[in-house]
Amino acid sequence: MTDALVLKDVRKSYGQREAVHGVSFSVKEGEVFGLIGHNGAGKTTMLRMISTILKVTSGTITVYGHDVMREPDAVREIISYLPEDAGAYKDLTGRKYLEFIADFFTSGDKKNELVQKGIELADLGDRIDSKVDTYSKGMMRRLLIARAIMSSPKLAILDEVTSGLDVINAFEIREVIRGIAEQGMTVIMSSHNMFEVDMICDRVAMVDQGNVVEIGTPAELKEKYGKKTLEEVFVTVVKGA
Ligand code: ATP
């Protein structure tokens, strides 16, 4: 299996303070890989470095063999990053927003196909023609995730994608994520929701104070620590409980 993403001894400092302390892991093509950890553990910092938005202080990150620092343009062509606090242009309808995004990728018939794919992924029914500022939080997230994956990036980087969503919306977004992984797209996502990570991630990395303290499949980790849930594993790993 090809490595979609490789981090080697990655560090990130903000001024004098180091937020990520020499992290190494890799993600295989087609995997859904979860980063879990407390607030401030360093998950967003890692995702932003992978996305080429933040500079890596030391170490290397490669996405399908392209180094994020030396070949950021090549990396940007094959990734899509959905930040936790992403928004869409509120004066546009959902459809117009997807058309606006599709313009960055293609034109003509191909653009129409892309927009149609985005509309299907968002699955907002006739509300796709309502203005975005009338959308609920869940509708907005669906539109944004459709935007992030409609162009079939090789690696989708999703920060807290279901945060604050109701059960149904979160469930449907998880289904979309599993669906795209089954089509071969690689996903790295952060989440505070251990249940969600347990359900949809092939492997997880537990992040604590800027370090990856455990890594494995949810089943492996539960077995290793003799726990029934990932949440219990996390507490044991982080607190030594
Ligand atoms: P959350 O779950 O709350 O989103 P996180 O795991 O994503 O947290 P990060 O946002 O990566 O954590 O933050 C890691 C550390 O880096 C924290 O101590 C945070 O205060 C610090 N940090 C993040 N961004 C900056 C910045 N722009 N300048 C200085 N420090 C920062």
Side-chain angles (χ1 to χ4, degrees), residues 30-35 43-44 47-48 50-51 53 76-202:
E31 260 190 327
V32 178
F33 189 89
L35 292 178
K43 305 177 297 295
T44 299
L47 296 182
R48 287 169 66 91
I50 297 165
S51 308
I53 290 168
R76 285 177 202 138
E77 277 191 16
I78 55 174
I79 64 165
S80 177
Y81 173 51
L82 183 60
E84 184 183 0
D85 54 1
Y89 297 105
K90 296 196 184 307
D91 273 347
L92 298 181
T93 64
R95 184 191 302 272
K96 290 276 177 216
Y97 175 69
L98 293 176
E99 286 172 0
F100 170 76
I101 297 294
D103 273 333
F104 289 101
F105 295 100
T106 183
S107 58
D109 285 349
K110 286 260 183 279
K111 176 185 155 181
N112 294 338
E113 275 172 34
L114 198 58
V115 171
Q116 200 47 47
K117 188 170 168 205
I119 290 171
E120 279 162 28
L121 285 165
D123 196 19
L124 290 168
D126 57 8
R127 293 298 304 278
I128 196 73
D129 290 310
S130 301
K131 279 197 176 172
V132 166
D133 67 356
T134 67
Y135 284 7
S136 69
K137 190 168 179 176
M139 293 166 73
M140 181 69 137
R141 282 318 265 179
R142 294 171 81 119
L143 181 69
L144 289 169
I145 197 162
R147 176 281 266 169
I149 62 181
M150 69 183 186
S151 60
S152 303
K154 291 178 92 166
L155 175 67
I157 303 160
L158 310 174
D159 200 356
E160 295 286 344
V161 72
T162 60
S163 146
L165 298 190
D166 67 32
V167 174
I168 303 285
N169 271 302
F171 176 84
E172 289 177 358
I173 285 182
R174 284 183 210 122
E175 295 278 288
V176 171
I177 294 172
R178 280 287 1 150
I180 58 176
E182 271 153 32
Q183 289 164 27
M185 207 183 291
T186 309
V187 178
I188 181 165
M189 55 179 276
S190 72
S191 180
H192 289 286
N193 184 335
M194 309 273 166
F195 166 74
E196 163 171 298
V197 167
D198 199 345
M199 273 198 313
I200 67 168
C201 292
D202 298 305

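Position 1 is the first residue of the sequence, and the numbers go up from there. Predicted model, so just to flag it, every value in this text is computed and none were measured.
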Q.
Looking at every non-hydrogen atom in both residues, tell me the closest pair between A148 and L82 and how far apart they are.
A. CB-CB, 4.2 Å

**Q.** Residue pair R178, D202: steps toward the salt bridge (Lys or Arg N to Asp or Glu O under 4.0 Å) verdict
**A.** CA-CA 10 Å; R178 280 287 1 150; D202 298 305; 3.5 Å; yes

Q) In Å, rounded to the nearest 0.5 Å, how long is the span from CE of M189 to CZ of R174? A) 8.0 Å

Q | Spatial distance of atom NZ (K131) from atom NZ (K96) [nearest 0.5 Å] | A | 12.0 Å

Q. Which atom pair, heavy atoms only, marks the closest approach of S51 to I157?
A. OG-CD1, 3.5 Å

Q: Indicate yes or no: at least one non-hydrogen side-chain atom of L98 is less than 4.5 angstrom from one of I128.
A: yes

Q | Nearest-0.5 Å distance, CG of residue N112 to CD of residue E99 | A | 7.5 Å

**Q.** S191 to E196 - nearest heavy-atom pair and separation
**A.** OG-OE2, 3.1 Å

Q.
As an exercise, state the distance from CZ of R141 to OG of S163, rounded to the nearest 0.5 Å.
A. 7.0 Å

(Q) What's the separation between atom CD1 in I50 and atom CD1 in I188, rounded to the nearest 0.5 Å? (A) 4.0 Å

Q.
When you measure from the side chain of Y97 to the backbone of R147, do you find a donor-acceptor pair of N or O atoms at a distance under 3.5 Å?
A. no

Q) Between K43 and D159, does a salt bridge (Lys or Arg N to Asp or Glu O under 4.0 Å) hold up when you go through it step by step? A) CA-CA 8 Å; K43 305 177 297 295; D159 200 356; over 6 Å; no

(Q) In the structure I gave you, are the side-chain heavy atoms of V32 and I180 within less than 4.5 Å of one another anywhere? (A) no

Q.
Testing the basics here: between T186 and G30, what is the closest heavy-atom pair and its distance to 0.1 Å?
A. OG1-N, 2.9 Å

Q. Are I168 and E172 close enough, and set up right, to give a side chain to side chain contact (heavy atoms under 4.5 Å, CB included), and what steps lead you there?
A. CA-CA 6 Å; I168 303 285; E172 289 177 358; 3.6 Å; yes

**Q.** A146 versus A122, closest heavy-atom pair with distance
**A.** CB-N, 3.6 Å

Q) Y89 and side-chain contact (heavy atoms from CB on, under 4.5 Å): which partner among L92, T93, D91? A) L92

Q | Minimum side-chain heavy-atom gap K117-E113 below 4.5 Å | A | no

Q: Would you please test R48 and Y81 for side chain to side chain contact (heavy atoms under 4.5 Å, CB included) and show each step?
A: CA-CA 8 Å; R48 287 169 66 91; Y81 173 51; 3.2 Å; yes

Q. How many angstroms lie between atom CE of M185 and atom CD1 of I149, to the nearest 0.5 angstrom?
A. 5.5 Å

**Q.** Considering all heavy atoms, the nearest A102-V115 contact
**A.** CB-CG2, 3.7 Å

Q) Is the backbone N or O of E160 less than 3.5 Å from a side-chain atom of S190, with the two atoms forming a donor-acceptor pair by type? A) yes

**Q.** pair T134-M139: side-chain heavy atoms closer than 4.5 Å
**A.** no

**Q.** Exercise: do T44 and E84 side chains pair donor with acceptor under 3.5 Å
**A.** no

Q.
Tell me whether T162 contacts the main-chain N or O of L165 through its side chain, where contact means a donor paired with an acceptor under 3.5 Å.
A. no

Q.
Run the side-chain hydrogen bond (donor to acceptor under 3.5 Å, both in side chains) test against S151 and tell me which residues pass, sequence neighbours left out.
A. none

